[in-house]
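Below you'll find the structure, written out as structure tokens, and then a few comments.
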Amino acid sequence: MAYEIKMVKLVSGDTVIGNFDEENGILKDIAAIQTIPVGGSGVQIALLPFGFPFEDEIGGEISSDKILYEYKKIPEELKNKYLEAKSNIKITSNLDGITPPTNRNNPGGSGLIL
């Protein structure tokens, strides 16, 4: 079974992201996507377990007949955040321009993963 992440709008109006199991026709490990207006022109995106506030881990499944619309393009950052939330493993997507320290006595850097 391939691991295929899909972002869809359900007949209920919820926008969710999850792993699509084509063999069984279900979307598994579902996270709800919520947009939160920030300032005058921006938004933040919250990724929550679909069962929140009663469940605190990403899980569950929804039959594909409840899918109204499938987004063709999913932002890579959103996929990474979904995988991080599911697995508790930090994913780094861009290491361009980062060079290892040359001075062992003063390695520098804050230890942050960008």
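Heavy-atom basis, side chains included; hydrogens, waters and symmetry copies ignored.
Shortest non-hydrogen contact noted between Glu4 and Asn19 is N-OD1, 3.2 Å. When every heavy atom of Ile17 is checked against every heavy atom of Tyr82, the shortest pair comes out as CG2-CD1, 3.6 Å. Heavy atoms only, all atoms of each residue included: Val38 and Gln44 are closest at CG2-CG, 3.5 Å. Here the shortest heavy-atom pairing between Ala32 and Val16 reads CA-CG1, 4.1 Å.
Applying the side chain to side chain contact (heavy atoms under 4.5 Å, CB included) criterion to Thr35, with sequence neighbours excluded, gives Ile45. Residues satisfying the side chain to side chain contact (heavy atoms under 4.5 Å, CB included) criterion with Thr15, sequence neighbours excluded, are Met7, Lys9, Ile33, Tyr71.
By the criterion of side-chain heavy atoms lying less than 4.5 angstrom apart, applied directly or through intervening Ile, Leu, Val, Met, Phe, Trp or Tyr residues, Ile5 is grouped together with Leu78 in one hydrophobic cluster.
The shortest distance between side-chain heavy atoms of Ile58 and Ile30 does not fall below 4.5 Å.
Other residues sharing the hydrophobic cluster of Ile36, ordered by chain and number and joined by side-chain separations under 4.5 Å: none, the residue standing alone. Other residues sharing a hydrophobic cluster with Val11 under the 4.5 Å side-chain heavy-atom criterion for ILVMFWY residues are Leu68.
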Intermediate values then yes/no, side chain to side chain contact (heavy atoms under 4.5 Å, CB included), Ile26 and Ile62: CA-CA 6 Å; Ile26 56 175; Ile62 294 176; over 6 Å; no
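By the neighbour-count criterion of 12 heavy atoms within 6.0 Å, atom CD of Glu77 is sparsely surrounded, having that number or fewer from other residues, nucleotides or ligands.
Listed by first and then second residue, the salt bridge (Lys or Arg N to Asp or Glu O under 4.0 Å) pairs involving residues 47-67 amount to none (not counting sequence neighbours). Residue pairs meeting the ring-ring contact (aromatic ring centres under 6.0 Å, His included) criterion with at least one partner in residues 26-67, sequence neighbours excluded, do not occur; the list is empty.
With rounding to the nearest 0.5 Å, the separation of NZ in Lys79 from CD1 in Ile74 is 5.0 Å.
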